[in-house]
Amino acid sequence: MPTILGQNQYGKAENRVVRITRDGDTHHIKDLNVSVALSGDMDEVHYSGSNANVLPTDTTKNTVFAFAKEHGIESAEQFGIHLARHFVTSQEPIGTARIRIEEYAWERIATSDANSRFIGADDVKHSFVRKGQETRTTQITYDGQKWEVVSGLKDLTVMNSTNSEFWGYAKDRYTTLKEAYDRILATDVSARWRYNWTDDEERMPNWEKSYEQARKHMLQAFAETYSLSLQQTLYQMGSRIIESRSEIDEIRFSLPNNHHFLVDLEPFGLENDNEVYFAADRPYGLIEATVLRDGAEQRIPVDMTNL
Ligand SMILES: O=c1[nH]c(=O)c2[nH]c(=O)[nH]c2[nH]1
């Protein structure tokens, strides 16, 4: 034979596992991207197509999700060690397992004092914002007389691990979605808001403060809304900004619904009590709308939020 097989490995890459641990009302998130690569006595599958030594990549994926349930995720290292040991010790032909893990960090959203008096401080315990800075944006237009300032942000990733439902929707012969009474609600916020300041240079808004406050109100509304749909949450986020910031008259959102599907662990004899999720990246629902101060004109273009 003029050719021989060199180094080879196989496995399932980028298993997006989200593990929620409930400590009473306080939820903890572990959000990982786990890639499995196995190698060993795999000559035959390459040379002849015999799969006798091949543990399916599908099984390696299932193992990641099942281990998240059975053993929890204390740390990425502990989780990776556990997986690697499992593959090498349980499958004779597998000599080496390489587990790569990316971990995405989340911080808790602090809710507003005013609201936590009504709903109780407990409600802050399941709302998170992804660590790392969002991108702040602005667009200034000046025609020699009037100014138009539209500012905003993109890639502000947030998650509620409970207090989200979706049911009672229209159904047709293609509808298979199951009604959800306790789901994860997660999105990457893109928002643009228009300032009502047009000309008086003496009474210019404090742009830095306005940004900080708009961001804060948006996050708090996300955390404090008991959501029946992402559309409803969007409207609450927008109206909270309009109500608390007199310098802003219009805000437009583009919110992907970052779906988290409950993993079926029943084939492995495991119950999944809203603990282990598969974080899908596409396709995603895309919910977009403008929220206006009553009487204000709608001027932010429909597709501006994606720029
Ligand atoms: O909040 C939601 N809004 C929808 O319009 C929708 N559609 C869907 O399939 N899931 C969801 N979730």
Side-chain angles (χ1 to χ4, degrees), residues 16-20 22 27 29 31 65 104 106 108-109 111 115 119 123-130 134 152-193 215 217-242 250-265 272-292 298 300-306:
R16 290 283 290 101
V17 58
V18 172
R19 173 68 149 99
I20 308 286
R22 288 142 202 270
H27 293 186
I29 294 184
D31 184 355
F65 288 104
Y104 310 115
W106 295 83
R108 290 176 195 285
I109 297 176
T111 45
N115 260 290
I119 61 177
D123 280 39
V124 306
K125 294 177 177 171
H126 58 254
S127 298
F128 304 87
V129 56
R130 235 265 313 244
E134 68 277 5
L153 54 76
K154 60 181 177 182
D155 300 330
L156 179 67
T157 302
V158 289
M159 177 193 292
N160 283 328
S161 54
T162 187
N163 287 9
S164 167
E165 307 185 9
F166 187 68
W167 49 269
Y169 40 80
K171 296 177 186 79
D172 69 8
R173 59 186 286 232
Y174 303 115
T175 305
T176 56
L177 184 72
K178 283 219 203 98
E179 304 207 311
Y181 297 90
D182 188 5
R183 66 173 185 174
I184 285 184
L185 185 68
T187 187
D188 313 316
V189 180
S190 271
R192 297 286 182 277
W193 52 85
R215 180 185 184 280
H217 287 298
M218 209 156 56
L219 284 178
Q220 288 176 345
F222 176 82
E224 292 163 6
T225 300
Y226 189 103
S227 177
L228 298 177
S229 65
L230 184 52
Q231 288 90 330
Q232 183 206 16
T233 296
L234 177 156
Y235 188 76
Q236 289 299 318
M237 291 162 76
S239 34
R240 187 78 73 94
I241 291 179
I242 300 286
E250 176 184 4
I251 173 158
R252 184 163 179 86
F253 289 100
S254 179
L255 302 182
N257 190 354
N258 295 341
H259 301 301
H260 287 69
F261 298 112
L262 213 51
V263 180
D264 180 12
L265 299 175
N272 192 353
D273 186 18
N274 285 1
E275 295 161 290
V276 181
Y277 294 85
F278 158 58
D281 66 342
R282 64 190 75 172
Y284 50 88
L286 186 59
I287 310 298
E288 302 182 295
T290 297
V291 183
L292 293 159
Q298 184 168 313
I300 302 177
V302 163
D303 51 8
M304 181 170 158
T305 36
N306 297 319

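What you are looking at is a predicted structure, and each value in this text was computed from that prediction instead of being measured. Each ligand, and each atom within it, is numbered from 1 in the order the structure gives.
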Heavy atoms only: give me the nearest V291-S239 pair and the separation to one decimal. CG1-N, 3.8 Å

So which atom in Y169 and which in K178 form the shortest heavy-atom distance, rounded to 0.1 Å? OH-C, 3.2 Å

Go through the side-chain N and O atoms of Y226 and E165 and say whether any donor and acceptor fall under 3.5 Å apart. yes

Going by atom types only, do S227 and T233 share a side-chain donor-acceptor pair under 3.5 Å? yes

So which heavy atom in the protein is nearest atom 9 (O) of ligand 1, and how far is it from that ligand atom? L177 CD2, 3.5 Å

Considering only non-hydrogen protein atoms, determine which one is nearest to atom 6 (C) of ligand 1 and report residue, atom name and distance to 0.1 Å. F166 CZ, 3.2 Å

[X]: numbered ligand 1 atoms lying under 4.0 Å from its heavy atoms:
X    : value
S229 : 1 (O)
Q231 : 1 (O), 2 (C), 3 (N), 4 (C), 5 (O)
L230 : 1 (O), 2 (C)

Is it the case that atom NZ in K171 sees more than 12 heavy atoms from other parts of the structure closer than 6.0 Å? yes

Relative to the ring of Y181, is the ring of W167 parallel (under 30°), tilted (30 to 60°) or perpendicular (over 60°)? parallel

Is the closest heavy-atom distance from R183 to ligand 1 below 4.0 Å? yes

Would N257 count as a polar contact of ligand 1, with the cut-off being nitrogen or oxygen pairs under 3.5 Å? yes

